[in-house]
Enquirer: 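Provided herewith is a single structure, encoded as structure tokens, for subsequent inquiry.
Residue numbering restarts at 1 for every chain, and letters A, B, ... go by the order of the sequence lines.
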Protein chains: 2
Amino acid sequence: MSLRHGLLGLLVDGPASGYDLLKIFEQSLAFVWPATQSQLYGELNRLADDGLVVVSDEGQRRRKEYTITPAGRADLEHWLTDIEPNRIRRNDAMLRVFFLGTLEPVQAKAYLEREAAVHEAFEQLLIDQARDTNWEAGTFNRYGRLVIESGIRYAHTQGEWARWAAGEIDELGPPTKRSGAS
Amino acid sequence: MSLRHGLLGLLVDGPASGYDLLKIFEQSLAFVWPATQSQLYGELNRLADDGLVVVSDEGQRRRKEYTITPAGRADLEHWLTDIEPNRIRRNDAMLRVFFLGTLEPVQAKAYLEREAAVHEAFEQLLIDQARDTNWEAGTFNRYGRLVIESGIRYAHTQGEWARWAAGEIDELGPPTKRSGAS
DNA sequence: CATGTCATGTAATCCGTTACATGATTAC
DNA sequence: GTAATCATGTAACGGATTACATGACATG
């Protein structure tokens, strides 16, 4: 139900169309909660069915403008204060690390160095974005700054970790092959 | 396709049943890639259909022991070296931070302090687990140590971030309510 | 009048979760 | 003999991804 509440949260800042919300999603929420166009339009219709938003205006080009209702605001607040966040954090890149021992050490090391490079680049991207954003405008952006700071710290430690881990490979030595050889 | 390759990776360490693999998943891979019993048994059958594993033995109590095939090993290696990891990291807890401005500052602060506490507790849990594990046994565990170290660093920085963010709330001031009030 | 952008929707498929169902063996 | 553990499977449902489809308006 996170997409649903993501949309409600954006609508607190004012009425918007699905198209508007999609653009905002892509620029801001996408790194913590990506959503496709399909999913977003579907969810808006369901929110309207449930009375958490209303179509407050129909503009040109079939545009439907949605406004959050009091019920929607209540639901958002309930979500924020009473529902435990889902702590499940799937991490494809980290899953692979478990199995690096099945590769030659050179390749395992290459994998970790690539990870380091990716995180370092991403950190720089976030730093640039933080610098170029006007943090004054709107509640939403003010808290967005906290989120981007978390992203920067995350990318930084992951980069550091990957560099350290790449160094550890030499000490771990060659793979032990069970079942097949031995 | 991560569950699939997680299973293949575990089977490199030797033949195992679905039941065995489920236990290993729960203890080790679960924090980076949780899987349910249902999903796991289903995927093993699909792996067998695709010739990446074979049923090498049928034991008591309907137990089926799976062994990875050369094709399975090749597929695992291909995944590890040629396929870019999926970088999408959905984060329910962080999504909420975008919308903390819709709450009273006291509540926003409470949310972040709770986050800090959760991460600090989790960090301690991982530190204890790292201390109590025998890191000598098997390739798998040796790389598992790198993963757990990453978890410790992640939990640590997230905890630090949440404490810092809680402190920032005072400076961000009261929420600006658009659409409804104003 | 053709192309681009604004704007919304549907359908197929995949992955993951929850719940249910059942059988075989061991330990008390 | 009954409870616990080992062991595997199915069915229903929901969320996410991809692809496809279409319409309306603006610009050159």
Enquirer: Looking at the base of D/dT8, is there any donor atom on it, or on the side chain of B/Ser17, that sits under 3.5 Å from an acceptor on the other one?
Expert: no

Enquirer: For D/dA16, does the base pair up with any side-chain atom of A/Ser38 as donor and acceptor (N or O, under 3.5 Å, distance only)?
Expert: no

Enquirer: Of the nucleotides C/dA7, D/dA7, C/dC6, which one has an atom closest to the side chain of A/Arg61?
Expert: C/dC6

Enquirer: Nearest whole Å is fine: how far is D/dT8 P from B/Phe25 CZ?
Expert: 15 Å

Enquirer: State, to 0.1 Å, how close A/Val97 and B/Tyr143 come at their nearest heavy-atom pair, and which atoms those are.
Expert: O-CB, 3.3 Å

Enquirer: What is the separation between atom CD on B/Glu26 and atom C1' on D/dC6, rounded to the nearest whole Å?
Expert: 13 Å

Enquirer: Of the nucleotides C/dT17, D/dT17, C/dT8, which has the atom closest to the A/Arg90 side chain?
Expert: C/dT17

Enquirer: Tell me, yes or no, whether the heavy-atom count around B/Arg89 atom CZ, taken from other residues, nucleotides or ligands under 6.0 Å, exceeds 12.
Expert: yes

Enquirer: Taking only the side-chain heavy atoms of B/Asp20 (C-beta and beyond), determine which of C/dA7, C/dT26, D/dA7 contains the nearest atom.
Expert: D/dA7

Enquirer: For A/His156 and A/Glu160, which I'm curious about, is there any donor-acceptor pair between the side chains at under 3.5 Å?
Expert: yes

Enquirer: So which nucleotide from C/dT25, C/dA21, C/dG23 ends up closest to the side chain of B/Gln37?
Expert: C/dA21

Enquirer: What do you reckon, is OH of A/Tyr41 surrounded by more than 12 foreign heavy atoms closer than 6.0 Å?
Expert: yes

Enquirer: Using a cut-off of less than 4.0 Å, is there contact between a side-chain N or O of B/Tyr41 and OP1 or OP2 of D/dG9?
Expert: no

Enquirer: May I have the distance from B/Leu29 (atom CG) to C/dG16 (atom C1'), rounded to whole angstrom?
Expert: 16 Å

Enquirer: Identify which nucleotide among C/dG9, D/dA7, C/dT17 has an atom closest to any side-chain atom of A/Ile88, counting heavy atoms from C-beta outward.
Expert: C/dT17

Enquirer: Please give, in whole Å, the distance from D/dC6 P to B/Leu40 CG?
Expert: 16 Å

Enquirer: Side chain of A/Lys23 only, heavy atoms from C-beta on: which candidate in C/dC6, D/dG9, C/dG9 is closest?
Expert: C/dC6

Enquirer: Starting the side chain at C-beta, find the nucleotide from C/dA24, C/dC6, D/dG15 nearest to A/Met1.
Expert: D/dG15

Enquirer: Taking the six-membered ring of A/Trp135 (Phe, Tyr or Trp), confirm whether the NZ or CZ of A/Arg142 is under 6.0 Å from its centre and within 45° of its axis.
Expert: no

Enquirer: When we call it a touch if two heavy atoms are under 4.0 Å apart, what does A/Gln39 touch: a base, just sugar-phosphate, or nothing?
Expert: base

Enquirer: Across the strands shown, which category fits B/Arg46 at heavy-atom distances under 4.0 angstrom: base, sugar-phosphate, nothing?
Expert: nothing

Enquirer: Between B/Gly18 and A/Ser2, name the one whose nearest nucleotide on DNA chain D is closer to the 5' end.
Expert: B/Gly18

Enquirer: Between C/dG9, D/dA16, D/dC25, which nucleotide gets closest to the side-chain atoms of A/Lys64?
Expert: C/dG9

Enquirer: Indicate, with a heavy-atom threshold strictly under 4.0 Å, whether A/Arg4 touches base, sugar-phosphate, or nothing.
Expert: nothing

Enquirer: Considering only heavy atoms and no angle criterion, is a donor-acceptor pair shorter than 3.5 Å present between the side chain of B/Thr36 and the base of C/dT18?
Expert: no

